[in-house]
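Written below as structure tokens is the structure these notes are about.
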Amino acid sequence: MMNEDKIRETCQANPEKGFRMLVEKYQSSIYWHIRRMVISHEDAEDVLQETFIRIFRYLNEFRAESSLSTWIYRIATNECYRFLDKKKETTVSTEEVQADLMNKLMASEYVDYDNEMEVKFQQALLTLPEKQRLVFNLRYYDELSYEDISRITDTKVDTLKSNYYFAKEKIKKYMINN
Amino acid sequence: MKKDFDFSEIGKRTPFRTPEGFFERMQAETLKRAAEEKRPKKLFRLKWGISAALAAAAMICGFLFYPSPTTTTTEQVASTEWLAQSTDAVDHYVQGLSDEELEDWIDFSENDIFYELTTENLNNDEN
């Protein structure tokens, strides 16, 4: 398994080769991070490609002040926000964006509806405010530390902890009541 | 009614699926797009550079040919003659450059706002 230092060294010596290694290592985890935020597979595919192209453009500007994975997650998260913000421009409210994401969850070729509990869990997540949903995803699915999430989202660790706590409480309530 | 929900019942499972072979295809497409990314950027910079050089030339023309309220002096005639000569020299110089040299030259002249399109500068560049 390639480690981050090796990828970083290769990126400096040979950007094309380094980028290939980077895509191989992070493609899957970044795709799932994006997919959980934008829900539709087709949208996730577009956002993923934009994310990697942006990474490629700015690869030589990456400074080792944060870890490579944190930097990549940050770019991916920004791309998710850019995508969701674009939706907000064409809709009236945040609720409409949530409703649109919910529709995509409930009518997709690439969602397995056989497992009702898994679908319901994603529905519960879609009732959360965007930021809470992001924090929950990064902590629960990606198992990132609060410090890393703080670097990705520019949010204080204490705020993140309370976001995560409230997100879990809301999900529990939804799962019990629905 | 259930009183609590245990997250371990679901763990990290999600109902999301991807088409078969998605990651292999995606990786190939991403690398292809990244390879293409370099070429248009260069062309774009070149176009920008040419636009900037043309804009600078237009400004010089505008300045020199601006109708004067007074009669044309010998000095002004000399200026326009100089422009004709210097524009020819610039054209000649630009025509003799390879794409890469042209790009470098435009980059340089774009970044230095005090850089003037004069035959003197061109001669210095050639040396």
Side-chain angles (χ1 to χ4, degrees), chain A residues 15-17 19-20 22-24 26-28 30-32 35-36 39-42 44-46 48-57 59 105-106 108-125 136-137 140-143 168-169 171-178, chain B residues 1-53 55 98-113:
Chain A
E16 275 79 13
K17 190 178 173 194
F19 181 67
R20 180 185 293 268
L22 181 150
V23 172
E24 259 174 47
Y26 294 105
Q27 180 176 243
S28 172
I30 295 299
Y31 167 80
W32 288 115
R35 177 78 187 269
R36 286 188 286 264
I39 306 299
S40 140
H41 163 71
E42 290 79 5
E45 188 174 344
D46 291 344
L48 179 69
Q49 195 159 89
E50 282 311 310
T51 298
F52 277 116
I53 292 303
R54 211 160 274 269
I55 289 167
F56 181 73
R57 274 182 206 154
L59 199 53
L105 173 67
M106 297 315 292
S108 169
E109 194 184 337
Y110 300 113
V111 171
D112 180 3
Y113 298 104
D114 290 342
N115 196 319
E116 287 174 16
M117 195 193 213
E118 288 174 17
V119 176
K120 194 164 101 176
F121 193 77
Q122 291 305 316
Q123 287 177 317
L125 279 173
F136 180 84
N137 284 340
Y140 184 80
Y141 289 109
D142 295 302
E143 294 183 354
K168 279 187 97 170
E169 287 305 303
I171 293 167
K172 267 187 202 174
K173 208 180 264 179
Y174 187 95
M175 293 304 282
I176 293 165
N177 296 332
N178 289 278
Chain B
M1 192 178 79
K2 275 174 81 174
K3 283 194 177 152
D4 206 3
F5 169 73
D6 182 1
F7 281 84
S8 66
E9 280 180 49
I10 190 152
K12 292 187 185 350
R13 293 192 315 274
T14 73
F16 300 131
R17 305 287 173 260
T18 59
E20 220 175 295
F22 165 68
F23 286 109
E24 290 78 8
R25 184 176 56 77
M26 190 70 202
Q27 185 174 337
E29 274 175 23
T30 304
L31 295 173
K32 192 177 154 211
R33 238 195 99 184
E36 284 168 1
E37 176 76 4
K38 286 184 142 185
R39 274 173 272 152
K41 200 178 167 187
K42 198 174 169 182
L43 274 175
F44 177 73
R45 282 176 59 201
L46 193 62
K47 278 183 187 168
W48 252 107
I50 290 168
S51 304
S98 71
D99 282 357
E100 283 197 357
E101 286 168 336
L102 180 61
E103 195 180 353
D104 282 347
W105 177 68
I106 287 165
D107 268 352
F108 177 73
S109 54
E110 261 183 345
N111 293 332
D112 184 355
I113 56 167

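Chain letters run A, B, ... following the sequence lines, proteins first and then strands; every chain starts at 1. Quick note: numbers below take in every heavy atom, side chains included, and nothing from hydrogens, waters or symmetry partners.
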Please lay out, stage by stage, how B:Phe7 and A:Lys172 fare under the test side-chain contact (heavy atoms from CB on, under 4.5 Å). CA-CA 8 Å; B:Phe7 281 84; A:Lys172 267 187 202 174; 3.7 Å; yes
Run the side-chain contact (heavy atoms from CB on, under 4.5 Å) check on A:Phe121 and B:Arg13 step by step: do they pass? CA-CA 10 Å; A:Phe121 193 77; B:Arg13 293 192 315 274; over 6 Å; no
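Looking only at side-chain heavy atoms (C-beta outward), B:Thr18 and A:Trp32 come within less than 4.5 Å of each other. Put simply, the side chain of B:Pro15 does not reach to within 4.5 Å of the side chain of A:Tyr113, judged on heavy atoms. Between B:Phe5 and A:Tyr174, the closest side-chain pair of non-hydrogen atoms is not below 4.5 Å. Residues B:Met26 and A:Phe52 form no side-chain contact, since every pair of their non-hydrogen atoms from C-beta on lies 4.5 Å or further apart.
Taken from CD in B:Glu9 to CE in A:Met117, the straight-line distance is 4.0 Å, to the nearest 0.5 Å. A:Asn115 contributes atom CG, which lies 6.5 Å from atom CD1 of B:Ile10 (distance to the nearest 0.5 angstrom). Rounding to the nearest 0.5 Å places CG of B:Leu31 at 6.0 Å from CZ of A:Phe19. Rounding to the nearest 0.5 angstrom, the gap separating the CD atom in B:Glu24 from the CD atom in A:Gln27 is 8.0 Å. In this structure, CZ on A:Arg20 lies 11.0 Å from OG1 on B:Thr30, to the nearest 0.5 angstrom. Distance check: B:Glu29 CD to A:Leu48 CG gives 10.5 Å after rounding to the nearest 0.5 Å.
Interface residue A:Phe56: only side-chain heavy atoms are found under 4.5 Å from chain B. Using a 4.5 Å cut-off between heavy atoms, A:Val119 contacts chain B through both its backbone and its side chain. Contact of A:Leu105 with chain B is made through the side chain alone, with heavy-atom distances under 4.5 Å. Only the side chain of B:Phe22 comes within contact range of chain A, with heavy atoms under 4.5 Å apart.
Here the closest heavy-atom approach between residue B:Lys12 and residue A:Tyr140 is recorded as NZ-O, 2.8 Å. For the residue pair B:Phe23 and A:Ser28, the shortest heavy atom distance occurs at CE2-CA, 3.7 Å.
Salt bridge status for B:Arg33 with A:Glu50: present, with a side-chain N to carboxylate O gap under 4.0 Å.
Of the possible donor and acceptor atoms, none in the side chain of A:Arg57 sits under 3.5 Å from a partner among the backbone N and O of B:Ala34.
For chain B, the option among A:Glu109, A:Arg35, A:Glu16 with the highest count of heavy-atom pairs below 4.5 Å is A:Arg35. The candidate from A:Glu24, A:Lys168, A:Arg36 with the greatest count of non-hydrogen atom pairs under 4.5 Å with chain B is A:Lys168. Chain B forms more heavy-atom pairs under 4.5 Å with one residue of A:Gln122, A:Glu45, A:Lys173 than with any other, namely A:Glu45.
Under a cut-off of 6.0 angstrom, the local environment of CD in A:Glu169 is crowded, with over 12 non-hydrogen atoms contributed by other residues, nucleotides or ligands.
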